[in-house]
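Written out below as structure tokens is the structure these notes cover.
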Amino acid sequence: MEVSASILSVEKENCIQTFYNLETAGTDYFHIDVMDGEFVENNTVSLMIEYAEYLNSITNVPLDVHLMVKDVMEFIKSFLVFEPRNITIHYETAETEEQLLEWIQYIKDNNCKVGISIKPDTEVEEIYSILPYVHTILIMTVEPGKGGQELIADTIEKISKLKKYIDENNIEIDIEADGGINTENAKFLQEAGCDIVVAGTSIIKSNDFKETIKKLKNP
Ligand code: DX5
Ligand code: ZN
């Protein structure tokens, strides 16, 4: 699997050194957790903009932007300037499927890949109809809003169900999981069919980034 290191829990002081250490430790992407204080309680906007600016000036590791925001279009525009690999928006923020498809098209028209994320309580069947239009499905394995939570075990079943559906329907799409992922539970996500895992706390709190990322890639 690929690893997308969440920078949410990176301490501000010597953050540049931490980003450098994550890059040399082999992270495939930097996962930027943008929270607006409305869709979720925390507000990380200014910190994530600051970090995205640093990252864009010091590394070529692609940015995996995860928008947990209400005013989706505003934040799509603010983060497109960093030329991210992908921008992932939450299914739950759209009032209608048309609105969701509009946002998806806008991101693609700006040469950026699109991800759709669903919260633990959202059924995977609800997004089947938009799978053909997006590059990645981000399955939240914790309630979005903060780092350092425990992985919710029954979200793994959702990943297996999604994997079965996309295989049966020959849909080309990446499955990414996000929240509470560590070197112990990563194997269950791989077995369920995950292509990319997001990890923040379990990497940042480890004393060997390289070893932890290696284990997350091949659990
Ligand atoms: C939670 C974020 C996750 C989280 C991952 O809302 O979307 O990316 O920061 O961090 P850990 O790995 O600490 O759960
Ligand atoms: Zn995230």
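Each residue takes its place number in the sequence, starting with 1. Worth knowing before you read on, the calculation uses all heavy atoms, side chains too, and leaves out hydrogens, waters and symmetry mates. Order of listing sets the numbers, starting from 1, for every ligand and every atom in it. Note that this is a predicted model, so its numbers are computed, not measured.
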Ligand 1: which protein N/O atoms lie under 3.5 Å from its N/O atoms?
from: ligand 1; atom 1: 6 (O); to: Gly145; atom 2: N; distance (Å): 2.8
from: ligand 1; atom 1: 7 (O); to: Asp33; atom 2: OD1; distance (Å): 3.0
from: ligand 1; atom 1: 7 (O); to: His66; atom 2: ND1; distance (Å): 3.1
from: ligand 1; atom 1: 7 (O); to: Asp178; atom 2: OD2; distance (Å): 3.0
from: ligand 1; atom 1: 8 (O); to: His31; atom 2: NE2; distance (Å): 3.3
from: ligand 1; atom 1: 8 (O); to: Asp33; atom 2: OD1; distance (Å): 3.2
from: ligand 1; atom 1: 8 (O); to: Asp33; atom 2: OD2; distance (Å): 2.7
from: ligand 1; atom 1: 8 (O); to: Asp178; atom 2: OD1; distance (Å): 2.6
from: ligand 1; atom 1: 8 (O); to: Asp178; atom 2: OD2; distance (Å): 3.1
from: ligand 1; atom 1: 9 (O); to: Ser6; atom 2: OG; distance (Å): 3.4
from: ligand 1; atom 1: 9 (O); to: Asp33; atom 2: OD2; distance (Å): 3.0
from: ligand 1; atom 1: 12 (O); to: Gly200; atom 2: N; distance (Å): 2.7
from: ligand 1; atom 1: 13 (O); to: Gly148; atom 2: N; distance (Å): 2.9
from: ligand 1; atom 1: 13 (O); to: Thr201; atom 2: N; distance (Å): 3.0
from: ligand 1; atom 1: 13 (O); to: Thr201; atom 2: OG1; distance (Å): 2.4
from: ligand 1; atom 1: 14 (O); to: Gly180; atom 2: N; distance (Å): 2.8

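Shortest distance from the Zn ion (ligand 2) to Asp178 is reached at OD2 (N/O/S atoms only). Counting just the N/O/S atoms of Asp33, the one with the shortest distance to the Zn ion (ligand 2) is named OD1. If you look at His66 and ask which of its N, O or S atoms sits nearest the Zn ion (ligand 2), the answer is ND1.
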Side-chain donor-acceptor contacts of residues 10-18 below 3.5 Å, not counting sequence neighbours, with atom names and distances?
from: Lys12; atom 1: NZ; to: Glu50; atom 2: OE1; distance (Å): 3.2
from: Gln17; atom 1: NE2; to: Asn21; atom 2: OD1; distance (Å): 2.8
from: Thr18; atom 1: OG1; to: Asn14; atom 2: O; distance (Å): 3.1

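A donor-acceptor pair is defined here as one N or O able to donate and one able to accept, closer than 3.5 Å; such a pair exists between the side chain of Lys158 and the backbone of Thr122.
Between Thr136 and Glu176, the side chains place no donor N or O within less than 3.5 Å of an acceptor N or O (distance only, hydrogens not considered).
Within the structure, every pair that satisfies the ring-ring contact (aromatic ring centres under 6.0 Å, His included) test and touches residues 32-74, not counting sequence neighbours, is listed here: Phe19-Tyr51, His31-His66, Phe39-His90, His66-His90.
Contact check on Lys161 versus Glu157 returns no salt bridge, with no Lys/Arg side-chain nitrogen under 4.0 Å from an Asp/Glu carboxylate oxygen.
Gln190 is linked by a side chain to side chain donor-acceptor pair (under 3.5 Å) to nothing, counting only residues two or more places apart in sequence or in another chain.
Surrounding OH of Tyr128 are more than 12 heavy atoms belonging to other residues, nucleotides or ligands, all under 6.0 Å away.
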